[in-house]
K.L.:
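Submitted below is the structure of interest, expressed as structure tokens.
Here the structure is a predicted model, which is why all the values come from computation and not from measurement. Below, chain A is the first sequence line, B the second, and so on; all start at residue 1.
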Amino acid sequence: MDLACTPEEEEFRARLRQWLAEVLPSLPPKPSPDDWPGRRAYDLGWQRMLYDAGYAGLHWPADAGGRGVTPTQHLIFLEETEKAGAPYVGANFVGLLHAGPTIAAEGTPEQRARWLPPVLRGEEVWCQGFSEPDAGSDLAALRTRAWRDGDDYVVSGSKIWTSHAEVADWCELLVRTDARAPKHRGISWLAMPMDAPGITVRPLRTLAGSTEFAEVFLDEVRVPVANRVGAENDGWRVTMVTLSFERGTAFVGEVVACRRVLGELAREARKNGRWDDPALRRRLGRLNAEFRALWRLTQWNVSESELTGGVPGTGGSVFKLRYSHVRQELYDAAAEVLGPEALDLSREWTLDRLSSLSYTIAAGTSQIQRNIVAERILGLPKGR
Amino acid sequence: MDFQLSEDQRALRTGVRELLAGRFGRERLRAAVDAQGADRPPGLDRALWRELGEAGLFSLRLPEADGGVGLGLPEAVLVFEEAGRALLPGPLVATHLAAGEIPGAATGETVVAAVDGTLVEWLDEADVVRGDVTGAVALRSADPLTPLHRVPRAAPTDPVAAVLTAAEQLGSAARTCELAVQHARTREQFGRPIGAFQAVKHLCAEMLVRVEVARGAVYAAAVTADPLDIAAAGLLADEAAERGAHDCLQVHGGMGFTWESDVHLHLKRAWVRARRGQSAADAEEALAQDLLSPAGR
């Protein structure tokens, strides 16, 4: 058990810090949150800078164009970029963290050559077409149909919660290619070009007032069969290969950001006098314990994946359950610090509090995560 | 960074678990509980204490030159985690801390108790007591296997004792999670194991989450020995142990409320351990002040 970094890891950190200090001042101003083309250009520009400096696809295998660094170095990268206030992965999220790794693991040489380099170079944006209005937690119940017509699939149906749909070049799409097979065995994974005829994108407004994602309606959209990754009807397994691969780094930047916000809350409370309330101080102190522990658990999981080549996705469920809950508690505490200003939408924490309501829902609700932990780790029987 | 158990640490954990299963298994535990009555506080098994001494439980962190095992706080944490799992009774932490300072403590010949806050565990059974016990008054201890006295003057708390206590809490929390899961898998109602019901399943899942979060904090505190890491570890380990035992009791239903179940022994001991060291309020205050320091940013 050791928390110290090796000399190589420290050198990696030092070089990264130096690079960040050099390049961050040269970044263009951040676009406004509802300027989607501007956000796309900004996020891709940042990805290009990472690429030119040798920091693109750090966690991707070398034969996919990545750097194949260790999980600990990836942890250091995410920690240092967040601490330095570097841009978020943003529009590059699906390409770098899901569609890309899926293609790297399951794609043909031609597919890898076509789709992976543009993701790393910051040239193409991917979005995700998984969830449907009637297939949320029960994702495998998805009904978007695809049938063969010559060298194409013809796809009809609708997808929901698709981030960056308005500005994406590609969509990693799950479709039903065999309606008679058991639900997990009739699904295929397609790369759909977002400029194909028949695609309608309708932005969805969140309770925070912003349009962070969209509904995507598909009306006889033609997708070449050559764009299918993996075998026909094997799309569920193809998807899970990537979803269940975890290096323990999924929430590194967010935990670092939460610890920074917690410090800001304390200083704000001291400024406005609420620090004199011992109940508030104890509440913030408790949150400090929580986020310190989540940081340690992150280090534990990253070290585990260093030893074993990955942590089981179930380990990620344990982490996400606590993290998503505590992050909501953080913003409830922020409201107490703000007092009446907690109702002022011009305060960043007020909007963040609203956004935090999604954490226990997105990427697997807490209820589904508890089922996963109970059934796959603890071995409790299935059944409701 | 290698924040995982080494081969040697895994072997140590397995060895201690097997030793305790052999020397202080469930039958011995229940015999110890049943041996004491309302007027008769539990006695300490001196033979077992010497065996623990021979196994190195007390001399673990003493240098080999001084007759110790020469290991560090992380290894001691793994050993005390096992002690917590097994509900091993006695002033383990106080005697461990006295090794090398009080003759016979390291070998288990001398039983050492210590004032912690305003409480002393095992005062009457101890050969040596550290701290001022003038005016000590016996309590009717809620934990059948931990006799308690109150003293008028509080003693300062020891950070290493806090880490080892957190380790015991962690072991107890992991154990109550296992007990709840075992029961939920085998106990049937409405024609199926109660663990198939989400209401029960989710209680068990949250127990595991608390254990794993506490584990990260406790092991990190063992590595860094940093006062704030220790404060955080104490808070999370106390929560995991107390709420874990409580939820375990709930999963066991009516049987969980009986004397013959082991669940109440975990809950009561967790309550005793939670009283050791820094109070939750003081730990939270220290962690709050840290947020204002430049290092906490």
K.L.:
Starting from the C-alpha separation in whole Å, work towards a yes-or-no answer on salt bridge (charged side-chain N to carboxylate O under 4.0 Å, His left out) for A:E254 and A:R327.
P.N.:
CA-CA 9 Å; A:E254 293 179 47; A:R327 188 158 173 185; 2.9 Å; yes
K.L.:
Which answer fits B:V213, side chain, backbone, both or neither, if we ask what part of it has an atom under 4.5 Å from a heavy atom of chain A?
P.N.:
both
K.L.:
Any idea which of B:L236, B:T224, B:D229, B:L5 has the most non-hydrogen atom pairs under 4.5 angstrom with chain A?
P.N.:
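Of B:L236, B:T224, B:D229, B:L5, B:D229 has the most heavy-atom pairs under 4.5 Å with chain A.
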K.L.:
Could you state the interatomic distance from CD (B:Q198) to CD1 (A:I368), rounded to the nearest 0.5 Å?
P.N.:
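CD1 of A:I368 is found 7.5 Å from CD of B:Q198.
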K.L.:
Answer with side chain, backbone, both or neither: which region of A:P278 has an atom nearer than 4.5 Å to a non-hydrogen atom of chain B?
P.N.:
both
K.L.:
Of the backbone (N, CA, C, O) and the side chain (C-beta and beyond), which part of A:E9 lies under 4.5 Å from a heavy atom of chain B, both, or neither?
P.N.:
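A:E9 touches chain B through side-chain heavy atoms alone.
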K.L.:
Hey, do the aromatic rings of B:F80 and B:H96 have their centres closer than 6.0 Å?
P.N.:
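Ring centroids of B:F80 and B:H96 are less than 6.0 Å from each other.
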K.L.:
Quick one: what part of B:L228 sits under 4.5 Å from any heavy atom of chain A, side chain, backbone, both or neither?
P.N.:
both
K.L.:
Do other residues, nucleotides or ligands put more than 12 heavy atoms under 6.0 Å from the CH2 atom of B:W271?
P.N.:
no
K.L.:
When heavy-atom pairs shorter than 4.5 Å are enumerated against chain A, which of B:R185, B:E239, B:H202, B:E285 gives the highest number?
P.N.:
B:H202
K.L.:
Sort B:I194 into side chain, backbone, both or neither according to what part of it lies under 4.5 angstrom from a heavy atom of chain A.
P.N.:
neither
K.L.:
Within the distance-only criterion (no hydrogens, no angle test), does the side chain of B:K201 pair as donor or acceptor with the backbone N or O of A:P381 below 3.5 angstrom?
P.N.:
yes
K.L.:
Please lay out, stage by stage, how B:Y219 and B:F3 fare under the test ring-ring contact (aromatic ring centres under 6.0 Å, His included).
P.N.:
CA-CA 9 Å; B:Y219 288 0; B:F3 191 34; 7.0 Å; no
K.L.:
With chain A, which of B:Q289, B:R215, B:E75 has the greatest number of heavy-atom pairs at distances under 4.5 Å?
P.N.:
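If we count pairs closer than 4.5 Å to chain A, B:Q289 comes out on top.
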K.L.:
Do NZ/NE/NH1/NH2 and the carboxylate oxygens of A:D138 and A:K183 come within less than 4.0 Å?
P.N.:
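Result for this pair is yes, salt bridge flagged.
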K.L.:
Are any non-hydrogen side-chain atoms of B:L92 and B:E168 less than 4.5 angstrom apart?
P.N.:
yes
K.L.:
For B:D282, which atoms come within 4.5 Å of any heavy atom of chain A: side chain, backbone, both, or neither?
P.N.:
neither
K.L.:
Counting heavy-atom pairs under 4.5 Å to chain B, which of A:A4, A:A269, A:C5 comes out on top?
P.N.:
A:A4
K.L.:
Counting only heavy atoms closer than 4.5 Å, note whether A:I377 contacts chain B via side chain, backbone, both or neither.
P.N.:
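Side chain of A:I377 only, per the 4.5 Å heavy-atom cut-off to chain B.
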K.L.:
Decide, yes or no, whether a salt bridge links A:R292 with B:D290 under the criterion of side-chain N to carboxylate O below 4.0 Å.
P.N.:
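A salt bridge is present here (some side-chain N lies under 4.0 Å from a carboxylate O).
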K.L.:
When heavy-atom pairs shorter than 4.5 Å are enumerated against chain B, which of A:T6, A:L262, A:L321 gives the highest number?
P.N.:
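Counting heavy-atom pairs under 4.5 Å, the top option is A:L262.
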K.L.:
Heavy-atom cut-off 4.5 Å, strictly under: side chain, backbone, both or neither for B:E178 against chain A?
P.N.:
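It is neither, since no heavy atom gets under 4.5 Å.
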K.L.:
Measuring from A:R283:CZ to A:L330:CG, what's the distance to the nearest 0.5 Å?
P.N.:
10.0 Å
K.L.:
Of the backbone (N, CA, C, O) and the side chain (C-beta and beyond), which part of B:A233 lies under 4.5 Å from a heavy atom of chain A, both, or neither?
P.N.:
neither
K.L.:
For chain B, which candidate among A:G315, A:A374, A:S317 shows the most heavy-atom pairs at distances under 4.5 Å?
P.N.:
A:A374
K.L.:
Answer with side chain, backbone, both or neither: which region of A:W295 has an atom nearer than 4.5 Å to a non-hydrogen atom of chain B?
P.N.:
neither
K.L.:
If you count heavy-atom pairs under 4.5 Å between each of B:M207, B:E212, B:E206, B:R210 and chain A, which one has the most?
P.N.:
B:E206
K.L.:
Which answer fits B:Q9, side chain, backbone, both or neither, if we ask what part of it has an atom under 4.5 Å from a heavy atom of chain A?
P.N.:
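Side chain of B:Q9 only, per the 4.5 Å heavy-atom cut-off to chain A.
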K.L.:
Are A:E80 and A:K83 ion-paired here, with the side-chain N under 4.0 Å from a carboxylate O?
P.N.:
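Answer for the salt bridge query: no.
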K.L.:
Go through the atoms of A:L280 and report whether side chain, backbone, both or neither lie under 4.5 Å from a heavy atom of chain B.
P.N.:
neither
K.L.:
Side chain, backbone, both or neither: which part of A:L307 has a non-hydrogen atom closer than 4.5 Å to chain B?
P.N.:
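The side chain, not the backbone.
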K.L.:
With only heavy atoms counted, which part of A:Q369 is less than 4.5 Å from chain B, the side chain, the backbone, both or neither?
P.N.:
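No part of it gets close to chain B.
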K.L.:
Is the shortest side-chain N to carboxylate O distance from A:E264 to A:R259 below 4.0 Å?
P.N.:
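Between A:R259 and A:E264 there is no salt bridge, as every charged N stays at least 4.0 Å from the carboxylate O atoms.
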K.L.:
Look up atom CZ in A:R282 and atom CG in B:L235, then write down how far apart they are to the nearest 0.5 Å.
P.N.:
8.5 Å
